[in-house]
Asker: 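Let me begin by handing over the structure; questions about it come next.
Every heavy atom of this structure was used, including side-chain atoms; hydrogens, water molecules and symmetry mates were not. Each chain gets a letter, A, B and so on, in the order the sequences are listed, and its residues count up from 1. The structure presented is a predicted model; accordingly, all values stated were derived computationally and were not measured.
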Amino acid sequence: MLLGPALAVSAILFSLGVAGVLLRRNAIIIFMCVELMLNAANLAFVALAQQLGPDGQVIVFFVMAVAAAEAAVGLAIVLAIYRHKQTLDIQNINLLRG
Amino acid sequence: MFWLFAALAIGGALMCITRRSPVASALWLVQTLFSLAAIFVLLDAQFIAALQVMVYAGAIMVLFLFVIMLLNLGRGSATDMRGWTGRLVALALGLLLVTELWVLVRSPLAGPLQLPAGTLSRVTQEQGVVAVISDSLFRTYLVPFEVTSVLLLAAIVGAVVLAKRRL
């Protein structure tokens, strides 16, 4: 049974993703760290699905669809911001600060 | 076997959040995604592993690399790490999160929910890898499945509108 180790790896990967979001200022790398967190959640779902039945794998399927949609829209926003500001450093992106 | 791929995944994630160049970051993330696919196979989720390689490592990461190269960010400018206070805050929050998740991981599962050990692998062998998922996907989760298609349509339209030259 790999449930405990898999959940531990999932926890570590999720925390690394959070640390990446807090640590980096490049918008694209922040997006990649969000993908990392989604993958850590997927790992937890798959590990628990082995124990509790295949419904967890269906949820992973939906998470992947949402992640694909999020990546497409997010990268389009990144492109639009880069055209507008010529930078991806989130410290210089303060359009919504009012 | 599991620990080898777990180490590869965590190492790839560490390199991903510390590399300066976005391209190197993306390639280390690809290593993490492939290791996760291998872990999925070890956890009796072969179909999800195939999806992981195709959707994540294939489609999403290609999209990321495409945008990085379109914006010509390959060289990686001066470091984009936050200063020392930001790093300390990130470290503290990360450690807090790890301990919280660790406590959750150590707590036992609810007993009545639990199937007998090895049920999933036995069902998978009886019905096939895809049938196990598709059975509940097209019965129990049929409405969410259809809603997903609307979500993807909205994402396509939104991406096209946002990336248009005249905003």
Side-chain angles (χ1 to χ4, degrees), chain A residues 1-2 4-20 22-26 28-29 31-33 35-36 39 42-43 46-55 57-58 60-62 64-73 75-80 82-84 88-89, chain B residues 2 6 9-10 13-14 16-17 22 25-26 29 32-33 36 39-40 42-45 48 51 55-56 59-60 63-64 67-68 71 73 80-82 86-87 89-90 93-94 97-98 101-102 105 109 113-115 117 120 123 132-133 136-137 141 144 148 151-152 155-156 158-159 162-163 167:
Chain A
M1 275 294 130
L2 289 171
L7 287 180
V9 170
S10 158
I12 294 171
L13 283 179
F14 192 91
S15 308
L16 281 174
V18 172
L22 292 174
L23 211 55
R24 305 300 297 258
R25 291 199 309 241
N26 188 322
I28 287 191
I29 294 182
F31 259 111
M32 289 199 272
C33 292
E35 299 290 329
L36 189 59
N39 267 284
N42 279 352
L43 178 56
V46 169
L48 287 165
Q50 196 190 24
Q51 205 87 354
L52 303 176
D55 279 9
Q57 299 188 8
V58 179
V60 172
F61 182 84
F62 289 127
M64 279 183 181
V66 171
E70 173 249 335
V73 174
L75 286 172
I77 292 175
V78 164
L79 270 178
Y82 190 80
R83 284 215 193 92
H84 189 71
L88 283 181
D89 192 327
Chain B
F2 172 82
I10 292 172
L14 261 179
C16 169
I17 65 171
S25 244
L29 187 59
T32 300
L33 298 180
L36 276 177
I39 290 177
F40 288 168
L42 294 178
L43 291 171
D44 296 324
I48 296 294
L51 270 188
V55 175
Y56 265 113
I60 295 183
L63 195 60
F64 271 97
V67 169
I68 290 171
L71 300 185
L73 300 171
D80 65 332
M81 290 277 188
R82 290 184 187 277
R87 288 187 203 191
V89 170
L93 284 176
L97 192 61
V98 166
L101 290 172
W102 197 260
V105 164
L109 285 176
L113 283 176
Q114 217 153 349
L115 300 176
L120 186 59
V123 172
V132 172
I133 296 177
S136 68
L137 181 62
Y141 296 100
T148 305
L151 172 76
L152 286 175
I156 293 170
L162 279 172
L167 198 60

Asker: Where do B/L162 and A/A80 come nearest, in terms of heavy atoms and distance?
Answerer: O-CB, 3.6 Å

Asker: Is chain B contacted by the side chain of A/V18, its backbone, both, or neither, given a heavy-atom distance below 4.5 Å?
Answerer: side chain

Asker: If every non-hydrogen atom of A/A6 is compared with every non-hydrogen atom of B/L43, which pair is closest and at what distance?
Answerer: CB-CD1, 4.1 Å

Asker: Measure B/T148 against the heavy atoms of chain A and call it side chain, backbone, both or neither at under 4.5 Å.
Answerer: side chain

Asker: Which distance, rounded to the nearest 0.5 Å, do you find between the CD1 of A/I29 and the SG of B/C16?
Answerer: 7.0 Å

Asker: What's the separation between atom OG in B/S136 and atom CZ in A/F61, rounded to the nearest 0.5 Å?
Answerer: 10.5 Å

Asker: Which one wins on heavy-atom pair count under 4.5 Å against chain B: A/A67, A/A65, A/A19, A/C33?
Answerer: A/A67

Asker: Using a cut-off of under 4.5 Å on heavy-atom pairs, state which of B/D44, B/V55, B/L42, B/I39 scores highest against chain A.
Answerer: B/D44

Asker: Checking heavy atoms, do the side chain of B/Y141, its backbone, both or neither come under 4.5 Å from chain A?
Answerer: both

Asker: Do you know which two heavy atoms are closest between A/M32 and B/P22, and how far apart they sit?
Answerer: CE-O, 3.7 Å

Asker: Return the minimal non-hydrogen interatomic distance between B/L51 and A/M64, and the atom names on each side.
Answerer: CB-SD, 3.8 Å

Asker: Give the member of B/I48, B/V67, B/I133 that has the highest number of heavy-atom pairs under 4.5 Å with chain A.
Answerer: B/I48

Asker: Given a strict heavy-atom distance threshold of 4.5 Å, which part of B/L97 is in contact with chain A: side chain, backbone, both, or neither?
Answerer: both

Asker: Does any backbone or side-chain atom of B/L29 lie under 4.5 Å from a heavy atom of chain A? Answer side chain, backbone, both or neither.
Answerer: side chain

Asker: Closest approach of A/G20 and B/I17, non-hydrogen atoms and distance?
Answerer: CA-CG2, 3.7 Å

Asker: Is it the side chain or the backbone of A/L13 that comes within 4.5 Å of chain B heavy atoms, both, or neither?
Answerer: side chain

Asker: If I measure from the heavy atoms of chain A, does B/L93 come under 4.5 Å with its side chain, its backbone, both, or neither?
Answerer: side chain

Asker: Where is the tightest heavy-atom contact between B/L152 and A/A69, given as atom of each residue plus distance?
Answerer: CD2-CB, 4.2 Å

Asker: Could you look at B/A45 and say if it's the side chain, the backbone, both or neither that has a heavy atom under 4.5 Å from chain A?
Answerer: both

